[in-house]
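By convention in this document, chain letters (A, B, ...) are assigned in the order of the sequence lines, proteins followed by strands, and residues within each chain are numbered from 1.
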Amino acid sequence: MKSTKFNQVLLVLSLVGSGAAAHAATGPVIQNGGTIVTVPGVGLAPPSAMNGFNPLLTSSAYDNEAENLMYQPLFWVNRDFKINFKLSIAKKIVVGPKHRSYTVYLSPHWKWSDGIPVTTADVAYTYHMLMKLGPLWPGWDSGGFPGDIQSFKVLGPYAFRVVTTHPVNPTWFELSGLSDFIPYPAHSWQKYTVKQMNDNMTNTKFFSVVDGPFRLENFQAGRYASMVPNPAYSGPDKPHISRLIFRFLHSYASVFFALKSGTVQLGNLPAPLYPARKQLTDDRLTITGPNWGFNYLGFNFSNPNIAFVNNVLVRQAMMHAVNQDLMIKVLGFGHGARAYGLVPGNPPVYLSSEAKALLKQGAYDPALANKLLNEAGWHRGPDGFREKDGHIMAFTLYIPPSMIRGPTLLATMFAKVGILVRMREMPFNELYAKMINPHSKNWQAVYLAWSQTAYPTGGSIFKCGGVQNSYHYCNKKMDAMMDKIRITRGLDALYKFQNYFTEQQPVIVLPNMKLFVMANKNIHGVSQAVTPGGSFYPQFLWISHAK
Amino acid sequence: MSSSPTDMNVNNSLVARPIPGMFTRLWTDSLRHWVGQYSHPMTWTGLGLFVFLMLFSWLGPVLYPVSPLAIHANHLLLAPSWQFPFGTDNLGRNMLARMMDGGKATLEVGLLGALIAISLGIIYGMIAAMSPRWLDKVLMRLLDALLALPGIVLMIFFAAIIPLNTLSLILVLGCLSWPGLARIVRNEALAYKERDYVLAAKQFGASTFYIARTHLLRSMLPILIVNATFMVADLILALSGLSFLGLGIQPPHASWGGLLNDGLQLVIIGPWWLIVFPGVAIFLAIVAMNVLGQGLLARLEGR
Amino acid sequence: MMRRMILHRLGTSVLSLFLLVTIVFFLIHATPGGPAYSILGMHATPEAVAALNKQMGLDHPIWQQYGIWWGHLFEGNLGYSFTQHAPVASLMGSYLANSIILYVLATVIAVLFSVLIGMFQGYWAERTPGVLIGAGQIIVYSIPTFFIGVMLILFFAIYVSWFPPGGIGGDQSAGGALNIGSYFHHMVLPAVTIALPLTAGLSRYFGHQARSEYRLDYVRTARARGVPPLRIAVNHVLRNAVRPLVTVIGMMIPGIFVGGILTEAVFNYPGLGWLLWRSALEQDYPTLSAIVLLIGVLTILGNLAADLTNSILDVRVRYE
């Protein structure tokens, strides 16, 4: 008897043991409930306010953060830029043999929060609205919408077909053009005019019908926006927390103070305050990124006062003059990555082998920079700056606010090779106005960052006459390469293009810094919640109530 | 008979005789008289302090010729040491050199901006005071409007169209500050206008301009100087506020307000040298001018 | 006689207001750029900007826009902010409510302390405590507002947690009732920040007034007679020194707003000063015009009140 009991106990223990082992393999038990207070832009950018929630009418990344949680995308793209059909409204895409016809089948299980299923009626509504808004919609004329689309046809409640005007690269089109057909609640919104929609940009009742994991609960201008889980969410990865609050703070110092006092539990630690991270004793640091984009120095190629930038030797010299490692050390405290082309490296799924090699080797070579500049006919004058035919190699650089240290470093590095850089700081909208306004052609150089698309082409920025080509850069050979990417299948065209781009440096690409995310020690799932693509997935966050 | 002055009745001491060096003597005598009249411990303290700050900013770089722009990437955020007496900032720049550079900009904006404001204020105030009633009324209403203008709007307007360097800030801040002074000038001028000696001068045919320049201006000079000193202090304070809002001297050049702001952004890391030095400098400049003004005011009020 | 004077001053104040608003309107519309770039940001293209400008009514000639704006104003419509996606009136409503309470609190604190300090300074003029107070005033007046703000946050919100380090209270219990206690708790540090420089200047003024009062014959007689100092202070000196209070507060209004902008920026306090700064930077024309109109009205009303009180109290000034 005793031995039986002993055996029984052993059995139970072994079962428990194996159970415990199984538990240990999956990690701590996820608990539900609790509120997380955060700021807009975690893992993405310095904080700011949200002030609109209609995805058809807003273009700010902060607004998009909330919108992405309310409206499930047609294609849910994971961090390796592959489509995860379990989380997408679409369940399958069938590409025609000539790569012109794209038939998308929707999963029938998705439902709006009022019970109505998500169907192609919603997709059709979106298409209709985007065409109606035209240039007022921020994504207009990029990614093939609407330029490459010949026809859009609803085949049934769960199928629709888009036909392009010519054969296109399926991966590119799916990620860039087709992905714009996100279903929005037609039955709820179609009775409103555009003007009425504008008047209701922050009205929580207007956004009561959603199909994503969260819905908007409350909004107070200038103060906060709060979201709660959507109980009717019909997809996987339901949220664990019971409330998510975005507080609107405006300076990075105030985020630090808020983290320290516990007013905010999840936020970005601003890079200059990285040395103070130990003072946040209740928080844990997660280093994420660098993000899917690139920082760059852009020039106005049509400005005769800086005609020297038209010479590719000069641009290459500039690339070699930049000590990217030093910039990463000073600006990012060593946390950052080199970048020489427009295809970001985290994840490296789109990088050509040449790009990878260059990233490993680095391009900092001031001797080469000097040599190239001499070759270009620009020789050092008496004060050390290069001259040619009576002109000095100098330009005025416009900088957005709070991005001052990078350009200052850059100016020093350029000065070492004989290029004079004058800086001028101005608010973002003024900077864009100077760059983009067709009446103002006087700007010389800008220091900006660009978010790349899920399929990184040069697209509208670098094409001759591209809608966003305020740089007036025009290179027919590059145009041809860019066209090829959009047309042919596979990554070869992209590899060829990025190599040529790095060689030509139409903008001088600069290193990309990582981001420091601080989260309260009892918040888990942070590394799943922030992605390099800049997406924020708070449905993966959970709070453990015992520390 | 030649009528040279030396022929005049030499015993009549009421007659003015030209003596060699006469005008210089007059000048230094009246200067000495003024100094004696307005001397006050606060006046000297304030003046001395301000002169010290000016020497620091202009003589300093001559004695310590280090570049404020040079970046030392291996010496970031260092506390004061022999090599870097005021420490370094987060780009490794020498803070002592930056403080001298910033002092130049800050004090220039304060002094020259006040000068412009005073000049414009005097012109406008005088015109208003000496013109007919209806014109005076209109000018004063316009002045009210200008006084109610939020300076921030104007600053942003200007920031959009001109580069914000020392010169443009001097002009802009000067143009924003003159309304207050204009009102004082106009009120004082109105009060003095009715005085007997002015009316007498008018009887003798003095032109308006002459009266304004000679009599009115001289009478209100003390008040103007006192207000001028307060204006310098206010301008320095305003410049530091503008730097905080991103509308001050543009990088990489510095002003004390800008340096203070940069330091405050990093306050949590604890670099006291980035905050204390610019903060104390601004404080001393403003205190100096305030004390100077208070001293003059005390004498004016007969204390 | 009085009524005619009031009407006259009112009329001229309206003229000032009109001039002010006109100047600002043309100034902000003349600034290059425009709200379209703020709204579109990185996505700005010439066509998008043109389309958005058309939607916002900015493609009309400026005189026409000016007329339209006044027209809307008389209908009670303050316009629509395209950068913040809300009607200007509701924006101003919520931000203004936050600010008014803050500024009033700051003013009350400032006035209370100024009168107190001024009284002491008047009583002890030219003796050591008076001189010390005078020195303190100069010192506090000479410290930049944002510096005071950051130091207060550091000492009272970070090193110790007596106060929250910014933001506005009363909304953490989302969807619940306004938490009055939390609301005021968040206001303390910003109010002190605005109040300190004000107190420095105001107390100096009251100090002067008090000193003059203490020198008057009847006061000195009362002191000689042995009337308790407190009664002298309250009955005689205080009453007279406080008379120009309205005038002074009226003059202070622009200063409060400027201090408010810096303080709200430091404390992330969603108030009118902050809204003014943002809308100026983003070139949000309707909001900016409306705020300037408001500040102008308040300032000019303040001047008017000051002048009127002055003239009621001082017969000599009435000639105007």
Show me the donor-acceptor pairs, under 3.5 Å and distance only, between side chains in residues 189-199 of chain C and residues at least two apart or in other chains.
{"residue": "C/T193", "atom": "OG1", "partner": "C/L189", "partner atom": "O", "Å": "2.8"}
{"residue": "C/T199", "atom": "OG1", "partner": "C/A195", "partner atom": "O", "Å": "2.6"}

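In C/W162, the CH2 atom is not crowded: 12 or fewer heavy atoms of neighbouring residues, nucleotides or ligands sit closer than 6.0 Å. Under a cut-off of 6.0 angstrom, the local environment of OH in C/Y141 is sparse, with at most 12 non-hydrogen atoms contributed by other residues, nucleotides or ligands.
Residue A/S261 touches chain C through its side chain alone, counting heavy-atom pairs closer than 4.5 Å. Within the 4.5 angstrom heavy-atom criterion, only backbone atoms of A/A449 (N, CA, C, O) approach chain C. Contact annotation for A/S451: both backbone and side-chain heavy atoms come within less than 4.5 Å of a heavy atom of chain C. In this structure, chain C has no heavy atom under 4.5 Å from any part of A/W137. Within the 4.5 angstrom heavy-atom criterion, only side-chain atoms of C/I153, from C-beta onward, approach chain A.
Chain C forms the most heavy-atom pairs under 4.5 Å with one residue out of A/M201, A/K260, A/K195, A/M50, and that residue is A/M201.
Of all residues spanning residues 45-57 of chain C, those with a heavy atom less than 4.5 Å away from chain A's heavy atoms are C/T45, C/P46, C/E47, C/A48, C/A51, C/L52, C/Q55, arranged by number. The contact list for residues 79-95 of chain C toward chain A, using heavy atoms and a distance under 4.5 Å, reads C/Y80, C/T83, C/Q84, C/H85, C/L91, C/Y95 by residue number.
Taken from CG in C/L154 to CZ in A/F257, the straight-line distance is 6.0 Å, to the nearest 0.5 Å.
Residues passing the ring pair (Phe, Tyr, Trp, His ring centres under 6.0 Å) test with C/H60, sequence neighbours excluded: none.
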Quick one: do A/R223 and C/N98 satisfy side chain to side chain contact (heavy atoms under 4.5 Å, CB included)? Show the steps, please. CA-CA 11 Å; A/R223 292 209 220 160; C/N98 297 340; 3.8 Å; yes
